[in-house]
Chemist: 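Mind looking over this structure? Questions follow.
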Amino acid sequence: MNYRHEFHAGNFADVFKHILLSRILLYLRAKPAAFRYIETHAGSGLYELASAGAGKTAEWSGGIGRLAPASPAPPLRELLGPYLEIEAPFLQKDPPHYAGSPLIAKALLRRQDKMLLCELHPRAFEKLKAVLGGEPGVKLFAMDGYMGLRAFVPPKERRGLVLIDPPFEDPGEFEAAADTLGKAWRKWPGGIYMIWHPVKDPAAAAAFGRNLAQRGIKRILRLEFQVSRPALQLPLARCGAFIVNPPYLLPSEAKRILPWLAACLGAGEPGFSINWLEGH
């Protein structure tokens, strides 16, 4: 399937992914020691919601467009607030924009923290360079993210997060992601890894999880979120994330966030799941 960032910026899947991203980064910055953020498929970094791509699908209206004006109760507001505060000034632009994961991460990194962003697509890389090129603590690489990840770990900080968020255009993407994560984890078993993935075929997503577990990777939290019943021939309605070494409070936070998010963004048979892969 094709899941290019620019066509789906700000949709329900981005909201799910970026809330989790913000929570993990906030836990990392709670300790004074520096950490490193690595992203294998960074995309353009910033997306105009009225562009030809995003405007054609208008998926953002059922994602950040629905979440931004919502009013969660105070406990949830504290969990969602950092993400929404980062997005607010971009949404208020004319035309509105959506900040992707590189900009979310940059907003949450401190002076001592570093980030490495990989993007292979030439046009996306040029846009990413226009958004974040020259920023202190940021290094951009026009290269295959899987190759970059194997080269960049372990980081000297020994703490950090890797986001693997490919477009899933290649039918072998699940295998490539699992293989790369397995090799990276063996080099840096203490790092936090988050792999986002679409769920068109639940059996394929489950097989992906088994593939990760069979490589010996420990402590894998599996989260899935849907706004309606998934179907192969319909637009994406369910997605998931495998998180290796999640912060210890993240599972309990997910139990509070995901039910509310399903009610907020759901369009028919919303739902979610939270579980650990065997052997965690």
Side-chain angles (χ1 to χ4, degrees), residues 17-42 45 82-83 86 100-119 128 132-166 176-197 209 211-223 241-254 276-277 279-280:
K17 170 177 56 186
H18 292 150
I19 289 173
L20 294 174
L21 173 67
S22 68
R23 298 311 307 164
I24 295 171
L25 289 171
L26 285 163
Y27 279 111
L28 281 168
R29 60 176 281 168
K31 295 183 179 180
F35 67 87
R36 185 162 300 201
Y37 173 73
I38 301 172
E39 188 165 348
T40 61
H41 299 76
Y83 161 65
I86 293 169
S101 45
L103 278 176
I104 293 172
K106 183 64 174 69
L108 294 173
L109 264 60
R110 305 157 301 178
R111 181 176 299 179
Q112 67 266 40
D113 306 321
K114 308 295 182 185
M115 61 192 299
L116 305 179
L117 305 175
C118 297
E119 177 51 54
L128 181 64
L132 282 172
E135 287 287 326
V138 179
K139 290 187 178 181
L140 310 178
F141 298 88
M143 66 183 298
D144 176 82
Y146 294 141
M147 184 182 300
L149 178 57
R150 291 193 290 269
F152 296 148
V153 298
K156 66 178 182 179
E157 294 87 355
R158 313 303 294 189
R159 304 176 62 235
L161 167 64
V162 173
L163 175 61
I164 302 174
D165 179 23
D179 182 62
T180 300
L181 176 55
K183 291 174 179 176
W185 180 82
R186 283 193 291 274
K187 293 177 66 177
W188 186 32
I192 302 173
Y193 300 84
M194 174 176 165
I195 302 184
W196 177 90
H197 63 92
N211 191 346
L212 294 175
Q214 288 166 2
R215 293 170 187 270
I217 301 171
K218 308 298 183 185
R219 298 195 70 244
I220 306 175
L221 178 66
R222 179 184 181 183
L223 305 175
F242 290 100
I243 305 175
V244 179
N245 296 324
Y248 77 100
L249 283 177
L250 190 67
S252 62
E253 289 187 352
W276 291 93
L277 295 192
H280 79 276

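Just the heavy atoms: all of them, side chains too, but no hydrogens, waters or symmetry mates, feed the values below. For clarity, every value in this text was computed on a predicted model and none was experimentally measured.
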Chemist: The test is side chain to side chain contact (heavy atoms under 4.5 Å, CB included); show your working for Tyr37 and Leu21 and say whether it passes.
Modeler: CA-CA 11 Å; Tyr37 173 73; Leu21 173 67; 3.8 Å; yes
Chemist: Can you check whether Leu140 reaches Glu119 side chain to side chain, under 4.5 Å on heavy atoms?
Modeler: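 They are not in contact (no side-chain heavy atoms under 4.5 Å apart), so the answer is no.
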Chemist: Do the side chain of Asn245 and the main chain of Arg219 share a donor and acceptor less than 3.5 angstrom apart?
Modeler: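 Answer holds: no.
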Chemist: Pick one: which of Arg36, Glu135, Lys106 meets side chain to side chain contact (heavy atoms under 4.5 Å, CB included) with Met115?
Modeler: Lys106
Chemist: Name the orientation class of the two ring planes belonging to Phe141 and Phe152 (parallel below 30°, tilted from 30 to 60°, perpendicular beyond 60°).
Modeler: tilted
Chemist: For atom NZ of Lys139, decide whether the heavy atoms of other residues, nucleotides or ligands shown that lie under 6.0 angstrom number more than 12.
Modeler: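 It does not: Lys139 NZ has 12 such atoms or fewer within range.
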Chemist: So, are Lys114 and Glu157 salt-bridged, with charged N and O less than 4.0 Å apart?
Modeler: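 A salt bridge is absent here (no side-chain N lies under 4.0 Å from a carboxylate O).
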Chemist: With side chain to side chain contact (heavy atoms under 4.5 Å, CB included) as the test, would you mind laying out the steps for Trp185 and Lys218 before giving the verdict?
Modeler: CA-CA 9 Å; Trp185 180 82; Lys218 308 298 183 185; 4.0 Å; yes
Chemist: With a 6.0 Å cut-off (strictly less than), is the heavy-atom count around CE of Met143, excluding the residue itself, greater than 12?
Modeler: yes
Chemist: Does Ala177 offer a backbone N or O that forms a donor-acceptor pair with the side chain of Thr180 under 3.5 Å?
Modeler: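 Pair absent, no side-chain N/O of Thr180 close to backbone of Ala177.
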Chemist: List the steps and the verdict of side chain to side chain contact (heavy atoms under 4.5 Å, CB included) for Arg215 and Asp179.
Modeler: CA-CA 8 Å; Arg215 293 170 187 270; Asp179 182 62; 3.5 Å; yes
Chemist: About how many Å separate CG of Leu212 and CG of Leu181, when rounded to the nearest 0.5 Å?
Modeler: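 One finds 5.5 Å between CG of Leu181 and CG of Leu212.
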Chemist: Between Arg29 and Asp113, does at least one N-O distance fall below 4.0 Å, as a salt bridge requires?
Modeler: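 Salt bridge absent between Arg29 and Asp113.
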Chemist: Using only atom types and a distance under 3.5 Å, with no angle test, would you say the side chain of Arg159 pairs donor to acceptor with the backbone of Ala33?
Modeler: yes
Chemist: Using 0.5 Å steps for rounding, measure from the NE2 atom of His41 to the CG atom of Asp165.
Modeler: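 It is 8.0 Å, given to the nearest 0.5 Å.
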Chemist: Checking side chain to side chain contact (heavy atoms under 4.5 Å, CB included) for the pair Ile220/Tyr193: CA distance, chi angles, key distance, verdict?
Modeler: CA-CA 9 Å; Ile220 306 175; Tyr193 300 84; over 6 Å; no
Chemist: State, yes or no, whether a side-chain contact exists between Leu128 and Pro102 at a heavy-atom distance under 4.5 Å.
Modeler: yes
